[in-house]
Amino acid sequence: MPDAVSLAGVILAGGESRRMGRDKATLPFPEGSATTLVEHVVGVVGQRCEPVFVMAAPGQPLPALQVPVIRDDLRGLGPLPATGRGLRAAAEAGARLAFVCAVDMPFLTVELIDGLARRAIETNAEVVLPWDGRSHYLAAVYRTDLADRVDALVAAGVRRMSALADASDSQRIVMSDSRSLTNVNAAADLRTTGAALN
């Protein structure tokens with residue numbers, strides 16, 4: 001894919017993390033290190049995406065990041081409104097496409113991002129997302145002009161990411177190796193993930 005293709009990054013870090021019992025963004029990763037999960041994911045996404053935006057909850061503590069942090073107006077509204085605000089920020093920065101992901105993806109790779117972006121260019125689809133038996137809405141490439149569609153869905157009381165994909169021209173990419181899509185949902189997951197890196 002040509003380097004000229006502009007791809008922004010939007011990292012959703014403001015989730016409530018009920019199963020984890022604490023904020024995932026500031027978890028040390030790997031366990032015991034001084035690097036947090038949000039810093040790790042920003043580092044991966046920043047290798048391919050420019051600019052990168054981190055979407056955070058109001059008052060959510062984050063380490064000092066070298067990318068813009070955009071705060072939600074209210075807590076607990078789910079990922080769809082934050083995605084819309086991130087897509088709008090990316091569009092205003094001049095990007096036609098944005099890779100949107102959750103903060104809890106320790107195995108995320110530049111290769112995954114590149115593959116999804118390449119397919120988005122080839123097909124001109126509005127949404128390109130991986131599928132490994134389930135759809136990964138928070139590891140997908142979205143057209144930034146979908147921000148208005150997100151606003152309309154949110155105004156109608158919709159909060160599910162699947163609703164945006166259902167209301168768009170979406171392409172699902174079958175993943176034979178879904179390790180890069182791994183999410184950390186509990187403390188045990190993080191320990192297992194850290195062990196797998198060693």
Side-chain angles (χ1 to χ4, degrees), residues 1-15 24-25 29-30 35-56 65-70 79-80 82-147 150 161-162 164-165 168-184 193 196-197:
M1 185 168 57
D3 290 339
V5 173
S6 179
L7 182 69
V10 176
I11 300 168
L12 304 186
K24 294 180 186 179
F29 184 80
T35 303
T36 62
L37 198 49
V38 67
E39 290 170 307
H40 171 77
V41 174
V42 165
V44 175
V45 174
Q47 292 177 52
R48 175 59 183 88
C49 301
E50 173 64 36
V52 176
F53 301 94
V54 171
M55 314 306 294
L65 299 171
Q66 302 303 311
V67 299
V69 175
I70 300 174
L80 187 59
T83 296
R85 294 184 72 204
L87 293 178
R88 189 168 305 285
E92 290 171 355
R96 190 172 74 85
L97 298 170
F99 174 71
V100 177
C101 70
V103 75
D104 63 344
M105 299 183 68
F107 291 136
L108 180 64
T109 64
V110 174
E111 290 74 23
L112 172 68
I113 300 169
D114 266 338
L116 295 171
R118 188 176 301 113
R119 186 62 62 93
I121 295 298
E122 291 169 355
T123 64
N124 201 33
E126 293 176 309
V127 181
V128 176
L129 61 153
W131 187 88
D132 63 352
R134 69 182 182 95
S135 296
H136 290 266
Y137 303 105
L138 295 184
V141 170
Y142 293 83
R143 287 231 309 250
T144 58
D145 60 11
L146 290 174
V150 172
M161 288 296 295
S162 60
L164 177 58
S168 305
D169 172 17
S170 300
Q171 300 284 322
R172 285 167 172 78
I173 309 303
V174 177
M175 305 290 294
S176 56
D177 178 4
S178 59
R179 183 176 190 258
S180 59
L181 301 171
T182 301
N183 296 107
V184 174
T193 300
L197 288 176

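Every heavy atom of this structure was used, including side-chain atoms; hydrogens, water molecules and symmetry mates were not. Just so you know, these numbers come straight off a predicted model, no measurement behind them.
No side-chain heavy atom of His136 sits under 4.5 Å from any side-chain heavy atom of Ile173. Within the 4.5 Å cutoff, the side chain of Leu112 has heavy atoms near those of the Met175 side chain. Residues Thr83 and Val10 have side chains not in contact (no heavy-atom distance under 4.5 Å, counting atoms from C-beta outward). Side-chain atoms of Leu129 and Arg172, non-hydrogen and from C-beta on, do get closer than 4.5 Å to each other. Using a 4.5 Å heavy-atom cutoff, the side chains of Val150 and Arg85 are not in contact.
Nearest approach of Val45 to Cys101, heavy atoms of both residues: CG2-SG, 4.0 Å. Heavy atoms only, all atoms of each residue included: Tyr137 and Ala165 are closest at CE2-CB, 3.6 Å. Looking at every heavy atom in both residues, Leu181 comes nearest to Met105 through CA-CE, 3.8 Å. Minimum interatomic distance between Leu7 and Phe99 (heavy atoms only, all atoms of both residues): CD1-N, 3.8 Å. Minimum interatomic distance between Val103 and Leu37 (heavy atoms only, all atoms of both residues): O-CG, 3.4 Å. Taking all atoms of both residues into account, the shortest heavy-atom contact from Ala140 to Leu116 is CA-CD1, 4.2 Å.
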Met55 vs Ile70, test: side-chain contact (heavy atoms from CB on, under 4.5 Å). Steps then yes/no.
CA-CA 5 Å; Met55 314 306 294; Ile70 300 174; 3.7 Å; yes

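Listed for the Glu126 side chain is a donor-acceptor partner under 3.5 Å among the backbone atoms of Asp169. With hydrogens and angles ignored, the 3.5 Å screen pairs no side-chain donor or acceptor of Thr144 with any backbone N or O of Ala90. Distance alone, capped at 3.5 Å, places no donor-acceptor pair between the His40 side chain and the Thr35 backbone. Using a distance-only test at 3.5 Å, with no hydrogens or angles considered, no donor-acceptor pair links the side chain of Arg48 to the main chain of Thr109.
Applying the salt bridge (charged side-chain N to carboxylate O under 4.0 Å, His left out) criterion to Arg88, with sequence neighbours excluded, gives Asp148, Asp151. With sequence neighbours excluded, the residues forming a salt bridge (charged side-chain N to carboxylate O under 4.0 Å, His left out) with Glu122 are Arg119, listed by chain and number.
Note that CD of Gln171 and CG of Asn124 are 10.0 Å apart. Values are rounded to the nearest 0.5 Å. With values rounded to the nearest 0.5 angstrom, Arg134 atom CZ is found 12.5 Å from Ser162 atom OG. Between the OH atom in Tyr142 and the CE atom in Met161 there is a gap of 3.5 Å [rounded to 0.5 Å]. For the atom pair Leu97 CG and Leu87 CG, the distance stands at 10.0 Å (nearest 0.5 Å).
Of the charged side-chain nitrogens involved, none lies within less than 4.0 Å of a carboxylate oxygen, so that Asp177 and Arg179 do not count as a salt-bridged pair.
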